[in-house]
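What follows is a single structure, written as structure tokens, with notes after it.
Chain A is the first sequence line, chain B the second, and so forth, proteins listed ahead of strands; every chain is numbered from 1. All values below come from the heavy atoms of this structure, side chains included, with hydrogens, waters and symmetry mates left out.
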Number of protein chains: 2
Amino acid sequence: MTATATNQRAYNFSAGPAVLPVPVLEEVRDELLCLPGARSSLLEMSHRDKQFVDILHDAENSLRSLLGIGDDHAVLFLQGGAALQFSMIPANLLRGTGKSAAYLQTGTWGKKAIAEAKKEGDVSIAYDASGSNFDHTPGSGDYNVPDDAAYLYYCSNETIQGVQFQSEPPCPGSVPLVCDASSDFLCRPLDMEKYGILYACAQKNAGPAGVTVVVIKRDLLGIGSDKLPGYLNYKNHADNDSEWNTPPTFAIYVLGKVAKWLANDVGGLDAMEQANRTKASLLYDVIDGSGRFYTGHARPESRSIMNVTFTLPNDDLQSKFISTAAEHDLVNLKGHRSVGGIRASIYNAMPLDGVKALAGFMSDFASKNA
Amino acid sequence: MTATATNQRAYNFSAGPAVLPVPVLEEVRDELLCLPGARSSLLEMSHRDKQFVDILHDAENSLRSLLGIGDDHAVLFLQGGAALQFSMIPANLLRGTGKSAAYLQTGTWGKKAIAEAKKEGDVSIAYDASGSNFDHTPGSGDYNVPDDAAYLYYCSNETIQGVQFQSEPPCPGSVPLVCDASSDFLCRPLDMEKYGILYACAQKNAGPAGVTVVVIKRDLLGIGSDKLPGYLNYKNHADNDSEWNTPPTFAIYVLGKVAKWLANDVGGLDAMEQANRTKASLLYDVIDGSGRFYTGHARPESRSIMNVTFTLPNDDLQSKFISTAAEHDLVNLKGHRSVGGIRASIYNAMPLDGVKALAGFMSDFASKNA
Ligand SMILES: Cc1ncc(COP(=O)(O)O)c(C=O)c1O
Ligand SMILES: Cc1ncc(COP(=O)(O)O)c(C=O)c1O
Ligand SMILES: [Mg+2]
Ligand SMILES: [Mg+2]
Ligand SMILES: [Mg+2]
Ligand SMILES: [Mg+2]
């Protein structure tokens with residue numbers, strides 16, 4: 001971090017909206033009153049302005065090149081958050097098809113998606129990890145999906161539980177794979193050919209709140225009915241390059257800068273994954289070496305490299321941990337109200353130094369309070 | 001305008017996203033890396049953070065006090081733009097009711113809203129101004145609305161045509177009045193008691209793209225079915241203070257600053273209306289005094305004080321007008337592609353000096369080219 005205006009900044013472990021790269025924030029600040037080459041702020045610029053259209057296409061192309069997204073997928077920038085995707089997916093791919101959609105329920109966000117899907121059609125929960133308090137993802141033989149399912153849906157990283165799929169779950173070739181990647185988007189390379197839809201709200205790993213990226217196979221665009229509310233029909237957005245109506249221009253602009261930072265400063269998604277694994281290991285190593293002072297929530301083979309969740313021996317120690325950490329400039333470590341405990345979200349933009357500081361603090365706190 | 005970073009700025013007559021107050025942009029810039037009192041940028045702050053919740057409530061309260069919105073209305077901050085409201089309104093208030101919704105069709109945006117409403121139920125076009133190329137709003141005896149209509153819908157300011165209702169259209173007491181105020185929100189005081197729903201995307205008169213304000217009478221919240229996609233149900237947003245899911249935090253933050261600028265710098269909506277009328281008169285006076293060199297699109301009694309639309313004798317002169325104006329730092333004057341001609345959008349944040357400059361340019365251009 002640079003000094004001056006950043007000197008009140010702390011290491012921010014918020015689960016989202018979450019830490020962004022400081023060089024991106026600095027650029028946004030410097031361009032805020034007048035975008036270079038423009039006669040106004042980006043905030044004041046028509047979405048039809050050629051300069052903004054170029055910004056939108058640049059953001060799209062940065063994502064395409066980071067993830068290796070080919071022409072058979074459209075890349076959309078939508079509003080409504082991930083929660084609107086919970087409905088748009090079944091509204092487009094399930095409603096009126098007479099098919100059943102298969103869901104893997106491995107945490108809170110998948111469960112919410114299922115509740116919305118049930119409003120649109122028949123849903124089968126192909127795997128349900130709720131019985132073990134959502135502490136793991138299924139193994140490959142643990143569930144079945146019929147060949148004629150409308151799609152197979154899963155959440156690659158359950159932000160609240162800190163449970164992450166290590167790779168794509170098996171899925172019949174005839175069935176579109178649909179993934180909520182909100183909290184691990186761009187954390188590692190993916191084989192995008194495997195996905196029917198991969199979507200992510202930006203505010204965890206890719207930008208500010210207000211934009212959701214939807215990568216969708218073009219052959220899925222025609223399934224939704226013309227009778228859908230216009231905003232809910234993916235085809236409208238794809239046909240109009242995300243300008244069916246006014247897109248969230250500022251959020252797209254920031255997301256584009258984050259994608260460029262990933263490509264140029266970090267060196268792409270392989271390098272990013274390696275850095276993320278290094279960071280996550282620092283914390284899991286402290287947990288595993290703490291003689292059960294810290295207890296990880298996720299089973300080791302399902303651990304998230306984005307959200308590290310753990311508990312302390314009792315509530316008093318947890319409160320003390322959170323308040324003492326804040327005094328050490330380590331903030332927003334409280335677990336989600338639905339599960340309690342501690343959650344350290346260490347997204348792409350969390351610097352290694354921040355994680356080192358937290359790991360050091362954890363060791364120190366354990367030795368003083370165990 | 002101040003010098004330094006603003007010195008490439010021009011007077012921006014864009015219809016939206018559109019001009020914002022420079023003091024607001026300066027504050028946003030100064031706070032971009034670290035929000036005062038916080039340990040991070042606003043862009044990195046959880047929407048559950050108390051400081052952000054306060055910002056959201058402040059924005060709401062500023063709107064309440066500017067417009068005199070009482071407790072019988074909820075104020076919501078939504079994503080999806082005005083276009084999602086085209087669907088949410090009939091999805092909540094028409095679908096499954098067996099009623100018919102009445103629409104006044106006075107321009108392009110009302111027409112688009114009607115197309116979405118027809119997907120949800122029975123629609124009657126109580127007044128249709130398309131026959132006269134959308135150049136006026138109806139008089140009070142020009143249409144009828146049955147007492148049992150689901151609602152009466154109109155667009156208070158048709159942004160593309162530059163046609164504005166001078167006051168609320170007559171509506172039976174039993175029928176909720178629903179208004180798309182996207183392009184004249186906060187341009188003048190309103191009697192909010194008259195409205196069932198008043199909504200506006202922010203990116204014209206109230207902030208950046210990415211947030212839509214919906215003011216809705218609480219007694220309308222229960223009409224929508226539980227089977228609606230969760231995001232589309234107004235009740236979810238009202239019950240959760242616009243945090244049913246992650247709201248567009250940055251857009252709300254900027255909107256809150258614009259509302260404070262209106263209250264403190266401008267002096268409230270009466271003062272704003274007066275300033276807007278002064279600005280609009282400057283342009284309409286040039287049009288009317290130009291000996292038909294400039295032809296206004298709207299009939300005089302339906303003229304908008306936000307979007308001033310007019311044509312020149314031929315296309316060549318229109319192109320020359322636009323390019324010459326740009327050389328004089330007057331930009332984005334091209335009319336919407338669907339109607340052509342010139343459109344000068346002179347929203348709240350357009351300074352009087354900008355309008356004076358445009359009026360002067362128009363007079364000069366007319367005398368040189370007539
Ligand atoms: C995995 C996941 N899915 C969905 C959501 C919901 O996103 P939104 O609040 O944008 O609807 C979140 C977080 O908020 C999330 O972490
Ligand atoms: C009056 C009016 N209604 C609706 C819209 C559509 O708004 P959005 O693009 O946010 O859907 C606009 C402008 O874009 C408008 O001017
Ligand atoms: Mg491909
Ligand atoms: Mg914007
Ligand atoms: Mg009231
Ligand atoms: Mg934000």
With respect to chain A, which residue among B/Ser87, B/Pro90, B/Ala15 yields the maximal number of heavy-atom pairs within a distance under 4.5 Å? B/Ser87

Region of A/Ala83 that comes under 4.5 Å of a non-hydrogen atom in chain B: both

Working to the nearest 0.5 angstrom, can you tell me the gap between A/Arg39 CZ and B/Asn12 CG? 10.0 Å

Between B/Lys119 and A/Asp226, does any NZ, NE, NH1 or NH2 come within less than 4.0 Å of an OD or OE carboxylate oxygen? no

Side chain, backbone, both or neither: which part of A/Ala326 has a non-hydrogen atom closer than 4.5 Å to chain B? backbone

What part of A/Ser14 lies closer than 4.5 angstrom to a heavy atom of chain B: side chain, backbone, both or neither? side chain

I need the B/Arg48 CZ to A/Asn332 CG distance, nearest 0.5 Å. 13.5 Å

For B/Leu25 and A/Leu32, the nearest pair of non-hydrogen atoms, with its separation, is O-CD1, 3.3 Å

Which answer fits A/Leu232, side chain, backbone, both or neither, if we ask what part of it has an atom under 4.5 Å from a heavy atom of chain B? side chain

Separation between CD (B/Gln203) and OG1 (A/Thr246), nearest 0.5 Å, reads 4.0 Å

Quick check for you: among A/Val331, A/Leu228, A/Asp49, A/Val254, which has the greatest number of heavy-atom pairs under 4.5 Å with chain B? A/Leu228

Given side chains that start at C-beta, do those of B/Ser41 and A/Arg9 come closer than 4.5 Å, heavy atoms only? yes

Nearest heavy-atom pair of B/Asn245 and A/Gly81: which atoms, and what distance? ND2-CA, 4.0 Å

If I compare all heavy atoms of A/Gly230 with all of B/Glu116, which pair ends up nearest, and what's the gap? N-OE1, 2.9 Å

A/Ala38 versus chain B, the contacting section by heavy-atom distance below 4.5 Å: backbone

In Å, rounded to the nearest 0.5 Å, how long is the span from CD of A/Gln79 to OH of B/Tyr231? 7.5 Å

For A/Glu120, is it the side chain, the backbone, both, or neither that has a heavy atom closer than 4.5 Å to a heavy atom of chain B? side chain

